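Everything on this sheet refers to the single structure shown next.
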Amino acid sequence: MTNWLPGERPPDDISRLPLPSLPAFPAMRGYVQLHAEIRKLGFRHAADALRAPAPANASGQSTQALFGTLPQAETDDGFRILDGLWFPARGGLWRRADLAYVQECRAQWMASGYPRALDVAAVVDTLETVVRDDPMGLRRIVLWELCCRLVDSVAEGKGGASRTPPSAAHAVALGVHHAEAGPLADAVSAVRFPTAGEARNAAETLNDVWPGTGLREAERLAELLAPAATDHVLSALLGTLRSRAAAVSQLCRTADELTGKGDLRGAAGAWLDALRQARDDVDARAGLLRVAALLADAPTTSPESEVTAAVGERTVRLSWRAPSGHGRDTHTHSRPGTSPVSYRVLRYPDGAPELAVEVSADDTALARADLDPPTGRPLRYAVFPMRGDRIAGIPRVTAQVLLTPDVTQLRVEAVPDGVRLRWLPDPSALEVSAVRRAEGDNGPGQRVFCEHDRLLDTPLAVGGYVYEVRCAYAGPGGRLVRSPGRTVTARVERWPSPVEELSVRRLDDGRVRVAWRPPARGDAHLVPWFAHPVPAGADVSEHVGRLGPPDGTPPTSVDVLPPPRERLRMTAVSVLGDRAVSGPNVVVEHQGEVRDLEVRRVAADRAELRFAWPEPAVLTLISWEDGLRGGERRVARSQHVSGRPVALQVSPAECRFTVTALPRPDAVAIGAPSARAVLPAAPPPLPPAPTPWWRTWWRRWRTKQPPASSRPA
C-alpha cells in the first residue's frame, strides 16, 4: 500500500487510503468511573448515551426506540467516528457532536419517559465537561471504547494460539457507519491495540495521576503504555512529565550540593520544592526528613520549632506549638483568605527516613499520640504542615525517641528460704534480666538467673532485698537495648525446716506407727492431707490455721489406723509462727475384704469369677491351683465392673481359687484376709452310644459286593 501524502488527491480505491490514527489513551480524568457508569446503564459506549430518544407523546410512550436496542432503521447506518464524532440528522445530513449537540441531547433525555433518564443525564453532563475542555475529546473517548470492544469481542483462533483480527462486521455491530467500519477494524489490527490488562489499565488511569504531584506513579504508568507516536495528546503529556522529572532531579542535585556545603536551610528548601512537585518521590521525602533532622539537632534551633515527645509505657505523645509568624516558619502561618494549616505526622527509624510511615492524617490539632510504636529501635517523628494538599513548610522533627517498655504487674511473694517474683514482659522483649541487691546497698548488685516471666531465688539469708527487672530489645546493629528497669522490694523471712524423713512400723494391734526426728527449726505435726499431694518443702502456710499449738513437748510419732476399706495420706508439716512448710508424706491403706466371691465352670477348661471389689485397693490378685497346675491373674480396678465375671482358663480337675487385695506400691497396708472358693471338677465325658445291629450288617454286605464295572448288564 502506498502512502497518501497531504495535498495529494485521494485515490479512487479507498483501500489505498492511509489507516486512521487511533488514540493511545482516553485522555480523561475519571474515565474508569465514567466507563463503569456507561456499562451499568446498559450502553455499549458513550455514543449510545448521545443518541437520546424522542420526547414521549401524550400517551406517555416514546415514538423512537433507544439506539441499539431495536433493529436499526434503513435510514440510520450508524455514526461516523474517523473524522470527528458525527450522528445522522434529518434530511440525510450529519451533525457533529459539539457542545450544542450534547446540551440538546441532555434535554431530550430529561424530556423522555426513560426510567433512568436522570442517570443518563448525569453521564451526558460528564461528556459535556469533556467537550468543553477539548472539542475532539468525545471522539477520542468513543474511539477508545470502540477499539477496546473490538479487541475484546473477537473470538479465539483455532487451538487458542492467536486471536482472529476484528472485522468490519464487528464494528458495524457496535454502531459504526459501514463506510468507516472496515478502516477502523484494519487500524485496530495494524497497531496491535492493547488487550485488557496492565497496559490498558495504565492508559485509562494515567490522567487520574498526571498532571498532578504523583510524578513517580505517572512515570510507572507511562512505561506500561504501548508506543504511539501518532497520538499528539499523549506526546504532549509525556513531554510535561519528562520536564517535571528533570526539574525534580535538578532540585535533588542542588539539595545534595547545599547539604555538602553546610547550608541546611537551603538544602531543606530545595528538598521541599522537589517534594511539592513529586509527592510520591521517596528519595525526595527521605532527603527532606534527613535535613530536617539535622536542623532539629542543631543548637541554633528555636524552641518554637521543637516537637516534644513524651514516652509512655506503650505510647509516644507528641506536642508542638503553632508558628508565631515571625520566624522561618512564617509560610506555615495561616493568612486571611487561605485554608487553615493542618499537620501530618510520620514516623521512621532514626537514620532510615526512606522507611517513614504515616502515623496520623491531616488534622489541625497540635498534639498527636502514637499508640503502637515499635520498641527497641531509635525513632524520629516528623510533623508536616499542610495547607490543603500542599506541603506548607519544612517539617519539624523530634529528637531521637527510644521506646523500651518495662515489665508490668511485677509482684513478689515469700517462699521457704527465699522469694518468688512474677511479672508480665512486653511481647517484643527478647530477654529479661534481674539484678538483686541487699536493702540499703548501692552497689551494682548480683545478677540472678530468671525465666522470661518469673524468678525463684533460693536459698537466701533472712533480710530485705531489692530486685531490678529490665527488658532487652533488638536495637540497631544487632545489639540489645535495655529498658530503664523496674524495682521491687522483697523480704526473706525465717521459715521452719521441713521434716527430713518418716519411719513406719506396724504394731501388733494392727496400727501403724509413723515417727520422725524433730526439725531444726519449728515444730513438726503429722496431719491428714486431703488435698492434692505437695512436694517436700512447699509453702503450706494457708493450712496453719488447722493446726493447734502443741501441748508441752511436740510429739515425734503418731499411731495411725484408718477405718476399714479406706486410705489415708499423712503429711509432715513444720510450723514456725505463721509459716509452715510440708515434709514427706506416707499413705496408709486399710485393705477391705473380698466379698461375695462366686465361681462357676462354664466349660471343661473355662471358669468365671464374680466378687465385690475390696476398696481401697487398686489391684487384686486371682490365683488358682488343682494340685498339679495353677495360674495367676492381676485385675486392675479400672478393668473390674461390678456384677460382671472375670473369665479364666482352668483345668478340668477340682480347682481352688484365692482372691487377694494388693496395696499401692507407695502405701503401707493394713492387710485383710483373702477370699477363697473351690470349683468342682468337670464331669467326665459321656461314653459313645452303641452302634445299631443293622449298621454293622449293612457295612459288611457293602464290602462283599463286586465293583460296579464287573456286574452283568
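The structure presented is a predicted model; accordingly, all values stated were derived computationally and were not measured.
Taking a cutoff of 4.0 Å between a charged side-chain nitrogen and a carboxylate oxygen, Asp559 and Arg511 qualify as a salt bridge. By the 4.0 Å N-to-carboxylate-O rule, Glu413 lies close enough to Arg422 to be salt-bridged with it. A salt bridge links Arg579 to Glu493: at least one charged side-chain nitrogen sits closer than 4.0 Å to a carboxylate oxygen. Asp406 and Arg470 are not joined by a salt bridge, as no carboxylate oxygen comes within less than 4.0 angstrom of a charged side-chain nitrogen. Salt-bridge check for Asp370 with Arg314: failed, with every basic side-chain N at 4.0 Å or more from each acidic carboxylate O. With respect to Glu593 and Arg565, no salt bridge is recorded, no charged nitrogen being found less than 4.0 Å from a carboxylate O.
Test Asp281, Asp256, Leu258 against Trp271 for side chain to side chain contact (heavy atoms under 4.5 Å, CB included) and you get one pass: Asp256.
Ser557 and Arg513 share no donor-acceptor pair across their side chains, judged by distance under 3.5 Å alone. In this model, a donor atom of one side chain and an acceptor atom of the other lie less than 3.5 Å apart for Ser674 and Thr660. Between the side chains of Asp362 and Tyr343, no donor-acceptor pair is found at a separation under 3.5 Å. Under 3.5 Å, the side chains of Asp457 and Tyr467 contain a donor-acceptor pair of N or O atoms.
Taking the side-chain hydrogen bond (donor to acceptor under 3.5 Å, both in side chains) definition, one finds that Glu257 meets it with nothing, sequence neighbours left out. Applying the side-chain hydrogen bond (donor to acceptor under 3.5 Å, both in side chains) rule to Ser428 yields the partners Thr375, Asp426; only residues at least two apart in sequence or on another chain are considered.
Within 6.0 Å of CD in Glu500 there are 12 or fewer heavy atoms belonging to other residues, nucleotides or ligands. Remark: Arg494 CZ is loosely packed, at most 12 non-hydrogen atoms of other residues, nucleotides or ligands lying under 6.0 Å away. Residue Arg517 qualifies as open at atom CZ: its count of foreign heavy atoms under 6.0 Å is 12 or below.
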